[in-house]
**Q** 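I am attaching a structure below and will ask some questions about it afterwards.
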Amino acid sequence: MPAGLFLSIEGIDGSGKSTQLELLTARLKREAVPYLLNREPGGSEVGNQIRQILLEPKNPVSPTAELLLYFANRAQNVDEQIRPALGEGKLVISDRYTDSTLAYQGSARNLGQGLVASLHAIACRGTEPTLTIYLRITPELSVKRLGQQKKDRLEAEGRAFHERVFEAYEALAHADSARIVVVDGDRKQTAIAEEIWRIVMDRWKQRD
Ligand code: ADP
Ligand code: TYD
């Protein structure tokens with residue numbers, strides 16, 4: 001059996017990740033490609049409970065508790081979902097993974113990239129995406145798209161916070177261009193979906 005493949009999709013809030021993952025998974029189903037969709041926060045029963053704690057606007061979660069909760073969620077998903085699916089030769093797609101923690105907690109919350117990297121080693125134990133799609137839109141477009149929608153605890157952070165998240169993603173993409181593929185998210189949904197499909201299938205066909 002060929003090995004599985006681990007991909008992640010990243011981007012600021014409103015960049016179109018959920019929309020694109022719906023289109024991608026519908027096509028994977030039609031083409032009978034075996035896949036697992038993971039989501040963080042969430043992605044498992046325990047993960048969904050952690051998600052509620054993290055995103056409830058009324059919860060006064062401290063920055064360090066927030067960081068540890070994202071990693072607790074990830075550790076659970078790595079053990080319960082991601083590793084078994086890769087072992088079964090599946091295409092695993094994670095809607096956010098440690099790049100999100102580097103951008104939101106490491107940079108925007110200013111907890112530091114070193115601390116995030118140390119926790120990543122403990123929580124993920126070498127389970128790394130070989131390809132990451134960074135769906136790129138500007139913070140201005142994010143504000144326009146999310147408009148008056150009800151915001152979760154992280155989305156409700158101010159403009160400066162979201163600009164730091166954006167700058168962090170830009171720096172990550174620049175520093176690791178071998179893994180992170182930048183996809184312009186400011187286009188028609190169908191054009192973006194076509195490009196993502198091509199990128200994902202190229203890698204899927206090349207897996208060992
Ligand atoms: P994310 O999961 O990254 O937060 P969503 O897929 O939920 O983003 O999209 C955020 C909002 O932007 C939704 O209202 C969605 O309908 C809209 N949207 C998504 N993709 C596009 C696009 N390519 N062009 C215009 N609007 C989009
Ligand atoms: P998500 O459900 O992906 O929101 P959206 O669909 O709006 O992008 O993620 C919820 C929030 O959690 C989002 O604002 C980003 C944040 N987040 C972190 O701050 N750190 C992390 O490690 C992850 C995975 C998400």
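Remember, it's a predicted structure, so these values are computed and weren't measured experimentally. Counting starts at 1 for both ligands and their atoms, in listed order.
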**Q** Nearest protein heavy-atom contact for atom 6 (O) of ligand 1: which residue, which atom, what distance?
**A** T19 OG1, 2.5 Å
**Q** Note the single closest protein heavy atom to atom 6 (O) of ligand 2, along with its residue, its atom name and the distance in Å.
**A** S18 OG, 4.0 Å
**Q** Determine whether any heavy atom of R187 lies closer than 4.0 Å to an atom of ligand 1.
**A** yes
**Q** With heavy atoms of P41 as the reference, note each atom of ligand 2 found under 4.0 Å away.
**A** 9 (O), 10 (C), 12 (O), 25 (C)
**Q** Please confirm whether E40 comes within less than 3.5 Å of ligand 2 when only nitrogen or oxygen atoms on both sides are compared.
**A** no
**Q** Looking only at protein heavy atoms, which one is nearest to atom 2 (O) of ligand 1, and what is the separation?
**A** S18 OG, 2.5 Å
**Q** Taking both backbone and side-chain atoms of R39, is any N or O found less than 3.5 Å from an N or O belonging to ligand 2?
**A** no
**Q** For ligand 2, is there an N or O atom under 3.5 Å from any N or O atom of R96?
**A** yes
**Q** What are the two closest non-hydrogen atoms of T132 and S8, and how far apart are they?
**A** OG1-OG, 2.8 Å
**Q** Closest heavy-atom contact between I137 and D186?
**A** CG2-N, 4.0 Å
**Q** Do D13 and ligand 1 have an N or O pair less than 3.5 Å apart?
**A** no
**Q** Tell me which protein heavy atom sits closest to atom 11 (C) of ligand 2, plus the residue, atom name and distance to 0.1 Å.
**A** L55 CD2, 3.8 Å
**Q** Within the structure, is a non-hydrogen atom of R51 found at a distance of less than 4.0 Å from ligand 2?
**A** yes
**Q** With a cut-off of 4.0 Å, which atoms of ligand 2 are near a heavy atom of K17?
**A** 8 (O)
**Q** Heavy-atom distances under 4.0 Å are what count here, so tell me which part of E66 touches ligand 2: side chain, backbone, both or neither.
**A** neither
**Q** Quick one: look up the protein heavy atom nearest atom 7 (O) of ligand 2 and list residue, atom name and how far away it is.
**A** E155 OE2, 2.6 Å
**Q** Which of the listed options, K17, Q189, R96, holds the heavy atom that is closest to atom 3 (O) of ligand 1?
**A** K17
**Q** Using a strict 4.0 Å threshold on nitrogen-to-oxygen distance, state whether D99 and R179 make a salt bridge.
**A** yes
**Q** Counting from 1, what ligand 2 atoms have a heavy atom of T101 closer than 4.0 Å?
**A** 21 (C), 22 (O)
**Q** Could you identify the single nearest non-hydrogen protein atom to atom 13 (C) of ligand 2 and state the distance to 0.1 Å?
**A** D13 OD1, 3.2 Å
**Q** Tell me, yes or no, whether the heavy-atom count around R125 atom CZ, taken from other residues, nucleotides or ligands under 6.0 Å, exceeds 12.
**A** yes
**Q** Verify whether one side chain among T101 and R74 offers a donor that lies under 3.5 Å from an acceptor in the other.
**A** yes
**Q** Which protein non-hydrogen atom lies closest to atom 22 (C) of ligand 1, naming both residue and atom, and how far is it?
**A** R145 NH2, 3.3 Å
**Q** Under a 4.0 angstrom heavy-atom cut-off, which atoms of ligand 2 come close to R74?
**A** 22 (O), 24 (C)
**Q** Below 3.5 angstrom, do we get any N/O pair linking G16 and ligand 1?
**A** yes
**Q** Show which atoms of ligand 1 fall inside a sub-4.0 Å distance from at least one heavy-atom site of I192.
**A** 23 (N)
**Q** Are the charged groups of R153 and E66 less than 4.0 angstrom apart, N to O?
**A** yes
**Q** Hey, is ligand 2 close enough to Q105 that some N/O pair sits below 3.5 Å?
**A** yes
**Q** Would you name the heavy atoms of N48 and G42 that are closest together and state the gap between them?
**A** OD1-CA, 3.3 Å
**Q** Can you tell me the protein heavy atom closest to atom 23 (C) of ligand 2 and the distance?
**A** Y70 CE2, 3.3 Å
**Q** Please tell me whether F6 and Y97 form a close aromatic pair, meaning their ring centres lie under 6.0 Å apart.
**A** yes
**Q** Do any heavy atoms of E22 fall under 4.0 Å from ligand 1?
**A** no
**Q** Can you spot which of L154, V61, I50 makes a side-chain contact (heavy atoms from CB on, under 4.5 Å) with L55?
**A** L154
**Q** Within the structure, is a non-hydrogen atom of G14 found at a distance of less than 4.0 Å from ligand 1?
**A** yes
**Q** Look at the side chain of R83 and the backbone N and O of E80, then say whether any donor-acceptor pair between them is shorter than 3.5 Å.
**A** no
**Q** F161 ring centre to R164 NZ or CZ under 6.0 Å, with the angle to the axis within 45°?
**A** no
**Q** Considering only residues two or more places apart or on different chains, which pairs with a residue in residues 18-31 satisfy side chain to side chain donor-acceptor pair (under 3.5 Å)?
**A** R27-E194
**Q** When you check the side-chain N and O atoms of E56 and Q52, is any donor under 3.5 Å from an acceptor?
**A** no
**Q** Please find the pair of heavy atoms, one from Y134 and one from A173, that lie closest to each other, and give the distance.
**A** CD2-CB, 3.9 Å
**Q** Need the ligand 1 atom indices (1-based, order shown) with element for anything under 4.0 Å from a heavy-atom of Q149.
**A** 14 (O)
**Q** Is the closest basic N to carboxylate O distance between R51 and D152 below 4.0 Å?
**A** no
